[in-house]
Amino acid sequence: LNPLVSDHRINGQRVLPGVAYLDMCARCLGLEQFSLSNIRYPAALIIPDNTSIEVYLDFDQLSNNLSIYHWQDHRKIIHFSAKFQPVVHS
């Protein structure tokens, strides 16, 4: 298990650190620099022992909204959401 995840706990439960969501955004968008606003972490992503979880990232290009979530018992559990803005260099 990745030490970043194994050492990050809330109330004794292993959770994905907030910085991991930012890394996912950068990798999925293929950008090193970007701006996020309206950042929310509505539900911690709890990582159970000996279990893998599929996590998804949605990016709506019309609204520039990002969300990271997983499915549990046919319910979409959102763990991160933000509004994306590219960084414009002048």
How about Leu45 and Val55: do any of their side-chain heavy atoms sit closer than 4.5 Å? yes
The complete set of salt bridge (charged side-chain N to carboxylate O under 4.0 Å, His left out) pairs with one or both residues in residues 61-79, sequence neighbours excluded, reads Asp58-Lys76
- Query: Can any side-chain N or O of Lys83 pair as donor or acceptor with the backbone N or O of Ser63 at less than 3.5 Å?
  - Reply: yes
Taken to the nearest 0.5 Å, the spacing of Tyr41 OH from Ile39 CD1 works out to 6.0 Å
Derivation of the side-chain contact (heavy atoms from CB on, under 4.5 Å) call for Asn38 and Phe84: CA-CA 9 Å; Asn38 301 331; Phe84 163 81; over 6 Å; no
CG of Asn64 to CD of Gln85, rounded to nearest 0.5 Å, is 5.5 Å
Pair Ile53, Leu16 - check side-chain contact (heavy atoms from CB on, under 4.5 Å), show working. CA-CA 11 Å; Ile53 296 175; Leu16 189 66; over 6 Å; no
Please output the side-chain donor-acceptor pairs of residues 18-33 that fall under 3.5 Å, not counting sequence neighbours, one pair per line with the distance.
| from | atom 1 | to | atom 2 | distance (Å) |
| --- | --- | --- | --- | --- |
| Asp23 | OD1 | Arg27 | NE | 3.2 |
| Asp23 | OD2 | Arg27 | NE | 2.7 |
| Gln33 | OE1 | His89 | NE2 | 2.9 |

> Any donor and acceptor pair, going by atom type alone, linking the side chain of Asp60 with main-chain N or O of Leu62 inside 3.5 Å?
Replying inline: yes
Cluster membership besides Ile77, Ile/Leu/Val/Met/Phe/Trp/Tyr side chains within less than 4.5 angstrom, sorted by chain and number, is none
Hits for side chain to side chain donor-acceptor pair (under 3.5 Å) against Gln72, two or more places apart or cross-chain, chain-then-number order -> His70
Flag side-chain contact, heavy atom, 4.5 Å: Ile46 against Ile10
no
Could you please spell out the steps behind the side-chain contact (heavy atoms from CB on, under 4.5 Å) verdict for Leu66 and Leu57? CA-CA 7 Å; Leu66 286 160; Leu57 185 144; 3.7 Å; yes
For Arg9, the side chain to side chain contact (heavy atoms under 4.5 Å, CB included) test, sequence neighbours excluded, returns Arg14
For Tyr56, the hydrophobic cluster (side chain heavy atoms closer than 4.5 Å, chained through members) also holds Tyr69, Trp71, Ile78
Check whether any side-chain heavy atom of Ile68 sits under 4.5 Å from a side-chain heavy atom of Ser81, and report yes or no. no
